[in-house]
Amino acid sequence: MKAVYGLYAEPELAQQAVDNLRAAGVADADITVISSEPFEHFEFGHRDAKTVMPWMAVVGGLVGMTTGYLLTSVTQMAWPLKTSGMPIVSWWPNLIVIFELTMLGAIVASVITLLVSAKLPGSRAGKLYDPEVSDGYILVGVENPSDPARLEPALAINGGRVKSVES
Amino acid sequence: MNRTLTKPLADDLVRPLFHTSVWFYAIVLTAGTVVACGAAAWAFQVWNGIGVAGIRWPVFWGFYLVNFVFWIGISHAGTLISAILRLVDAQWRRPVTRCAEVITVFALMIGAMFPIIHLGRPWLAFWLFPYPSSREIWPNFRSPLAWDFFAINTYLTGSVLFLFLPMIPDLALVRDRSTGWRRRVYGFLAFGWRGTTTQWNRLESAMQIMAVAIIPVAVSVHTIVSFDFSMATVPMWHSTIFGPYFVAGAIFSGIAALIIAMAVLRKTLRLEAYLQPIHFENLGKLLLLMSLLWAYFVFAERLTVWYGNEPSEMAVFWATQRGEYAVFYWTMVVCNFVIPLPILGIRRLRTITGCVIASLGVLVGMWLERFLIIVPSLAHKQLPYSWGTYEPRPVELTIMAATFAAMILLYALFSKFVPIISIWEMRAGDRPATPSATGDHS
Amino acid sequence: MAYRWGMAVDLDRCTGCEACVTACHAENNIPTVGAGQAARGRAMHWIRVERYYEGDFPDVRVKFRPVLCQHCDAAPCEAVCPTYASHQSEDGLNAQVYNRCIGTRYCGNACMYNVRFFNFFNPEWEKPLNLQLNPDVSIRSVGVMEKCTFCVQRIKAAKVLIKSENRDLKDGELQPACAQACPTTALVFGDLNDPESRVARLSHSPRGTKLLEDLGAEPKVTYLQKQAWYEPDAH
Amino acid sequence: MVTAACTFASPGQPSGTWAGAPPSRWGTSPVVTPAHASAGDAVRGFFGIRPDARQPFDFSHQIHLSKGVLCTDCHTGVEKGPVAGIPSINTCMICHSQIATDRPLIKTLTEMQEKGRELDWQRVYGWVPEAHVRFDHAPHIRAKVECSTCHGNLAEQTVAQRAVNMNMSFCVSCHKSKQASNDCLTCHY
């Protein structure tokens, strides 16, 4: 992997670097921003905020609800045993189990969506990263740039450091 | 806050992971010994029969169920509070959330042990799980114990994920700062986290959805624990108030446990700069609110019973008000209300020490509350001929002590291996939102 | 037609002799736990004779009430069992399936009559008492709830017998040990679905009440007792 | 002191080959004892692991059935009550006082009969005591259930083997297909 990137201590500088890269003609999808905290209040921080996760949670909830319904009613009908004069499929108590499984379905579905869409667990091998991010620096860079020399000035902002990765 | 401060912040919060004091070994050794004693006591009980415990006819549930309700109650400290604070975006939550969520996970694990420990034939506990077996019989979903199974498992799954997901970025941070085997272990646990904008956005969305989902689950868990009692026509159990009463009591004891845990962490891990008096002040106010709510529920419950004047209920009522259980009852009232009210109500007394004293009282009081709900009612059921008593045996006391030790042990180990305060959330909280920087400006 | 087993207990006839208790112990292999354990509340009596005193000394009268499992139609013990160990059998018996019981003891708590008993330890009989055990009745192991079964082993045997002889069950032919042992015939057992059976007629007696009837468990045991308003001569 | 719980064999409730529990070591009363003799015993009980029955000699069902002997000729109790019955030496000698008397095994049996001794046959099937299963042969015979349904084709076996996996599912599926009662109290009491 080849890459060129800058490390910035302040988010304002990172925002500037992202803007400069765009001005230099880099597509938004090719710009990698890596930070040790979320930057919701900066434009670069929510470039990719759109997600289907809430819908997946709803779908997961519906799957859980169906599971709960089938589990409580089908298993009770499979071998009907009378207790306390209650109906074999008793709705009031079954609703409790159905509710719990609905919530479990929603939670598990959102976590699966998170793992899939955020590519976790994943390997960092061959991907742009710098351990200095952990010290609070924000990394703005481009992986496999077609013309690294042209991007370096865009990243060279006063207060930032430009690094590059060869091979 | 200045950017240059974030590296020292991380240094501070990661320090306990790389520097071990003698105290750590002392705590682990002591707590570990007690836990081992508890395990031995349980093995003794399984081998000889549950009769070695003090439970008897007609008080079939004793200390084990008291501790079950107590620990499930404690578990309402973390995930629930953390989820509410996250949803309302309370900024002071940031150093609190993780130490609270850890309490939830461990208290749930400990609490969920008790329904198995108290079984007559614990080796058949898996019959509570819904799975297809050669017997072709499934669990009875009309039983509150089956509801417990689903509620606790959902809450435990949710809480573990709610704790673990925001831990991933911090584990990545520890990975970057460590070498050797630690680097490999933390690297594995960090799931290859880099911190790209996509990852941060997804993490935040997931936490938001989970926070919304986990609150009703937490409420349902203790409601269902209360159903274990209110579904039976036992005097003073069969009450509609039990659901909210138990949930309020659970949050009450949970906050108390959280305050104590935070005070201990603050001293032992030198986190004075992060767990500040303001956090104790805010949690103290919350504890005060719950104390008042608890008193309101107790009053409503007692008044209804007294006014109804139903003979079987009055037998239990008087046994707790001025009979054989009165000592415990009034101790509970003092611990849960009389002591916390002035300490937490008067601003000058609402210090860290004051909050800890009130919390210790609340823990004792809430434990007694569960005892007073379970035992006197079972001892005084409808037919006076079959009234009975209960007293715990050494095996019950040992197992109970072991669960407290287990909590200390697990907490000590956790705070040794994972930053107990969320570093990335602290960093995000340190940075006030600058209006000029918000929104699209490209 | 399915059976619906029930019992009538005539309190006016009960002398409190406890023959039923002894017979039940002998028939159903109920362990005697010994003095030490009994003092700790581990004694088991599927049927017990409750004693109540009326009046002030010296004008005291004793009332006896044999209490056994009431085999409720809406039994509170049944629904709370997570494994169906406690449920209603097809004959309306309040079944306790020992092998399915995992020992939550929830049923024992839910039962307002306190007629469920728990095996805190594995039972044991000293020689030669082991030789008097009833081979038709299970020996319940540690961690299992047990209770009055209306002598289900006798019910089972009678059913097999009448089927092999291809006939109907005669009223009074089948009796649990307690009813069989009762010298005053205070305990009457039979099929409530047969309107001509003695127990069905006694269950509709104006002298009859159910124990803790207002709690809604719909017990199948009726207690007969002289009622204040009831004058036999009026009939 | 004898523990009835484990060594206790009753008609309809086979005891299997479970070891008896040891005398009590705990508690204030003699009725208190662990359910199993050892931890290994407890684990084997949990998983239902049981050694195969070891019979005094290899009795050949195959030979007897091929000579036209019926099951009920020797297992005489099967139509009448819970247990099919394991024949005594007297039953053997009804025929073997005349037939094959020169075989060494038959000679031994004759000697045993004269001394009034019996063979120590072991139960082939059986449940753990905790299963609380009761099985009555007679109603099954009356319902025309073939012996081979549970015992396998004995015309091909020498010593009787466990032919089917006798778990609850096996019993229940047959009860369902024959519309016999599936009430728990039918077998468990």
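Naming: A, B, ... by sequence-line order, numbering from 1 per chain. Every value quoted in this text rests on a predicted model; they were computed, and no experiment measured them.
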Within a reach of under 6.0 Å around [atom1] of [X], are more than 12 heavy atoms found that belong to other residues, nucleotides or ligands?
| X | atom1 | result |
| --- | --- | --- |
| Arg167(C) | CZ | yes |
| Gln132(C) | CD | yes |
| Asn90(D) | CG | yes |
| Lys176(D) | NZ | yes |
| Asp102(D) | CG | yes |
| Leu129(C) | CG | yes |

Residue part contacting chain D, namely of Leu93(C), when any heavy atom lies under 4.5 Å: side chain
Can you tell which part of Ser89(C) gets under 4.5 Å to a heavy atom of chain D, answering side chain, backbone, both or neither? both
Kindly give the heavy-atom pair with the smallest separation between [X] and [Y], and that separation in Å.
| X | Y | answer |
| --- | --- | --- |
| Tyr98(C) | Tyr189(D) | CE1-C, 4.0 Å |
| Val97(C) | His188(D) | CG1-CB, 3.8 Å |
| Glu90(C) | Asp183(D) | N-OD1, 3.1 Å |

Supply the atom-to-atom distance Asp91(C) CG to Leu185(D) CG, rounded to the nearest 0.5 angstrom. 8.0 Å
Among the options Ala95(C), Ser164(C), Ala38(C), pick out the one with the most heavy-atom pairs lying under 4.5 Å from chain D. Ser164(C)
Chain D interface, residue from Lys159(C), His87(C), Lys156(C) that has the most non-hydrogen pairs under 4.5 Å: Lys156(C)
Report the C-alpha distance between Ser141(C) and His132(D) in whole Å, list the side-chain angles of each, state the deciding distance to 0.1 Å, and finish with yes or no for side chain to side chain contact (heavy atoms under 4.5 Å, CB included). CA-CA 10 Å; Ser141(C) 51; His132(D) 297 287; 4.3 Å; yes
Pair Cys184(D), Arg100(C) - check side chain to side chain contact (heavy atoms under 4.5 Å, CB included), show working. CA-CA 10 Å; Cys184(D) 301; Arg100(C) 187 67 182 162; over 6 Å; no
Apply the test side chain to side chain contact (heavy atoms under 4.5 Å, CB included) to residues Val160(C) and Arg142(D): give CA-CA distance (whole Å), side-chain angles for both, the deciding distance (0.1 Å), then the verdict. CA-CA 11 Å; Val160(C) 170; Arg142(D) 278 201 291 277; 3.4 Å; yes
